[in-house]
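Not measured: the values here are computed from a predicted model. Only heavy atoms go into these numbers, but all of them, side chains included; no hydrogens, no water, no symmetry mates. So that the names make sense, note that chain A is the first sequence line, chain B the second, and so on, each numbered from 1.
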Amino acid sequence: MPELPEVEVVRRGLQAWVAGRTILGAEVLHRRAVRRQADDLHASVSGRTVACASRRGKYLWLPLSDGTQPAAQALVAHLGMSGQLLIQPVGAADEPHLRVRFTLADARPESADHGDTDASSAGELRFVDQRTFGGLMTAPLVDDGRGGRIPEVIAHIAPDPMDPSLDLDAVIARFRARRTEIKRALLDQSLLSGIGNIYADEALWRARLHGSRLASALRPAVLRGLLGHVREVMEQALEQGGTSFDALYVNVNGQSGYFDRSLRAYGQEGRPCQRCGTPIRRERFMNRSSFSCGRCQRPPSRSTSATAGPPAEGRVTPHRSSGGTR
DNA sequence: CATAGATCCTGTATGC
DNA sequence: TGCATACAGGATCTAT
């Protein structure tokens with residue numbers, strides 16, 4: 001499941017293989033894969049040159065230059081659960097779940113040493129997605145408020161742990177203002193982006209925190225430590241090429257990462273905790289699985305759990321704007 | 001406004 | 001063997 005490290009691996013591949021190349025055309029094979037203007041995709045991208053490959057959290061985008069001005073538009077991509085962006089030679093067999101095909105001009109259109117075009121370097125950028133939770137769209141680029149540019153459709157996505165402009169103190173303050181479980185807050189992309197179920201569980205394991213702890217009940221130093229673990233585990237995963245459980249996550253050349261060998265909590269149900277030997281347990285949380293150590297990661301007491309029942313009688317209850325219909 | 005839950009999607013694994 | 005069900009889960013939409 002692509003989270004920040006996996007998406008960053010893909011971004012680097014796009015930077016190496018697609019940046020500087022001109023898009024000749026787009027063919028949409030599955031409409032759901034293009035979120036807004038499926039009919040306009042070809043017209044929106046053809047003839048434009050990919051300036052670079054950018055990322056925030058789990059979103060990727062390719063600023064598209066028309067050659068005369070800084071890019072005003074970008075091709076935005078989210079891999080969802082099973083999306084892949086692959087570089088393929090022209091003529092390669094279509095993948096079973098090929099959704100969008102972009103044809104790319106020669107990587108070196110200006111190298112006229114011999115005057116002939118090098119057909120072997122022409123190629124395709126393909127969006128392949130089995131479960132169609134991912135998608136592409138084009139969007140105008142707007143100022144991000146920090147001197148950078150971002151597609152306006154993802155302006156609500158918070159900076160991620162790898163962003164050098166991240167204001168850690170501000171993030172900690174926002175976490176502390178949340179009256180919800182810490183894992184739920186970690187997964188909220190408007191607070192801090194790039195974290196999914198895998199790295200949330202890994203960071204919580206490293207911090208020895210149970211995901212049901214109330215975010216607002218954690219001291220700033222504890223949150224600082226947790227966010228440090230988030231960043232550290234993501235950096236380590238990136239060094240391993242990301243986490244792959246199967247062929248659903250691969251880089252632009254179809255290769256898998258190896259961080260699954262280093263997972264300590266996610267998917268480790270029944271295996272001994274690497275710290276204390278207690279079997280890793282699995283719990284349902286937010287309609288998905290959560291993995292944690294029953295000894296190192298103590299669940300909160302009822303009084304500090306966000307999943308605890310309603311306040312006892314006599315407690316002050318939040319006011320309602322209108323009378324309840326109950 | 002803040003928070004919680006439903007929903008989309010399909011290949012693979014599991015159970016009876 | 002075959003069919004039904006569970007599961008993976010990020011972002012968006014809806015409800016409270």
Side-chain angles (χ1 to χ4, degrees), chain A residues 1-8 10 29-36 55-61 76-84 95-99 127-137 139 151-158 160 173-202 211-212 214-217 234 242-250 260 263 265-270 282-291 305-311 317-326:
Chain A
M1 325 311 148
E3 301 179 30
L4 188 153
E6 293 75 37
V7 178
E8 174 62 14
V10 173
L29 291 89
H30 189 38
R31 293 183 62 84
R32 184 179 157 82
V34 182
R35 287 308 151 90
R36 288 169 189 251
R55 180 190 57 74
R56 172 178 279 194
K58 305 169 195 171
Y59 279 93
L60 290 164
W61 70 91
V76 183
H78 195 292
L79 303 178
M81 284 189 62
S82 54
Q84 305 172 343
E95 292 77 5
H97 303 289
L98 177 62
R99 308 306 191 191
F127 181 66
V128 177
D129 190 11
Q130 176 194 97
R131 296 176 195 168
T132 66
F133 271 31
L136 309 179
M137 66 184 94
E152 69 173 359
V153 290
I154 60 169
H156 63 288
I157 299 296
D160 61 60
R174 294 196 65 196
F175 268 79
R176 297 199 76 220
R178 279 303 184 103
R179 277 213 293 280
T180 190
E181 295 101 324
I182 183 60
K183 181 166 179 182
R184 195 179 280 274
L186 285 174
L187 296 174
D188 186 338
Q189 307 296 299
S190 69
L191 243 39
L192 180 68
S193 69
I195 306 169
N197 204 35
I198 296 172
Y199 296 106
D201 276 4
E202 291 302 303
S212 292
L214 198 57
S216 58
M234 285 183 164
T243 300
S244 302
F245 297 112
D246 48 38
L248 288 184
Y249 161 69
V250 294
D260 59 308
L263 295 176
Y266 184 87
Q268 307 301 304
E269 182 182 18
R282 172 178 176 167
E283 298 168 303
R284 297 302 294 178
F285 182 83
M286 287 176 71
N287 221 7
R288 63 201 59 183
S289 291
S290 285
F291 301 88
S305 167
T307 55
T317 55
H319 75 277
R320 309 249 170 181
S321 56
S322 62
T325 56
R326 186 171 291 257

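- H30(A) comes within 4.0 angstrom of no nucleic acid atom, judged by non-hydrogen atoms across all strands.
- Rounded to whole angstrom, the span from the CZ atom of F285(A) across to the C1' atom of dA4(B) amounts to 11 Å.
- If you check dT7(B), dA8(C), dT10(B) against the side chain of Y266(A), the one that comes closest is dA8(C).
- Both distances falling under 3.5 Å, in either a Watson-Crick or a G-U wobble arrangement, occur for no nucleotide opposite dC1(B).
- The phosphate of dT3(B) has OP1 or OP2 within less than 4.0 Å of a side-chain N or O from R178(A).
- Here S82(A) lies out of heavy-atom contact (under 4.0 Å) with every strand.
- Within a 6.0 Å sphere centred on CZ of R176(A), heavy atoms belonging to other residues, nucleotides or ligands number more than 12.
- Side-chain N/O atoms of R288(A) and base N/O atoms of dA8(C) include no donor-acceptor pair closer than 3.5 Å.
- For dA8(C), the OP1/OP2 oxygens have a side-chain nitrogen or oxygen of S289(A) closer than 4.0 Å.
- The CZ atom of R99(A) sits 9 Å away from the C1' atom of dT10(B) (whole-angstrom rounding).
- Within the 4.0 angstrom heavy-atom criterion, only backbone atoms of the sugar-phosphate kind lie near Y59(A); the bases stay farther away.
- Between E181(A) atom CD and dA2(B) atom P there is a gap of 17 Å when expressed in whole angstrom units.
- R284(A) comes within 4.0 angstrom of the backbone, heavy atoms only, and of no base.
- Across dA11(C), dA8(C), dG9(C), the shortest atom-to-atom separation from the side chain of R282(A) is found for dA8(C).
- The backbone N or O of G194(A) sits less than 3.5 Å from a side-chain atom of Q189(A), completing a donor-acceptor pair.
- Candidate nucleotides dG10(C), dC7(C), dG5(B) were compared by shortest atom distance to the side chain of H78(A), and dG10(C) ranks first.
- For I198(A) and H156(A), each mapped to the nucleotide of DNA chain C holding its nearest heavy atom, the one lying further toward the 5' end belongs to I198(A).
- The phosphate of dA8(C) (OP1 or OP2) has no side-chain N or O of R131(A) nearer than 4.0 angstrom.
- A side-chain donor-acceptor contact under 3.5 Å links S193(A) to the backbone of A158(A).
- Listed candidates were dA11(C), dT7(B), dG5(B). Nearest to the side chain of R184(A) is dG5(B).
- For the pair K183(A) and D201(A), the salt-bridge criterion is met [side-chain N within less than 4.0 Å of a carboxylate O].
- Put simply, CG on N287(A) is 11 Å from C1' on dA4(B), counting in whole angstrom units.
- From R178(A), atom CZ reaches atom CG of L186(A) across 11.5 Å, with rounding to the nearest 0.5 Å.
- Regarding R174(A), its CZ atom lies at a distance of 9 Å from the P atom of dA2(B), rounded to whole Å.
- Of the residues near DNA chain B, A177(A) and H97(A), the one whose nearest nucleotide (by heavy atom distance) lies more toward the 5' end is A177(A).
- Comparing dA11(C), dT10(B), dG5(B) by their nearest atom to the side chain of Q130(A) picks out dT10(B).
- Separating the CD atom of E95(A) from the C1' atom of dG11(B) is a distance of 17 Å, rounded to the nearest angstrom.
- Inspection of the R284(A) and S289(A) side chains reveals an N or O donor paired with an N or O acceptor under 3.5 Å.
- Taking atom CD of Q189(A) as the reference point, atom P of dA11(C) lies 4 Å away to the nearest angstrom.
- One atom, CD of E6(A), and another, C1' of dG9(C), lie 14 Å apart when rounded to the nearest Å.
- The aromatic ring of F133(A) is not stacked on the base of dA11(C), since the criterion of ring centres less than 5.5 Å apart with planes inclined by under 30° is not met.
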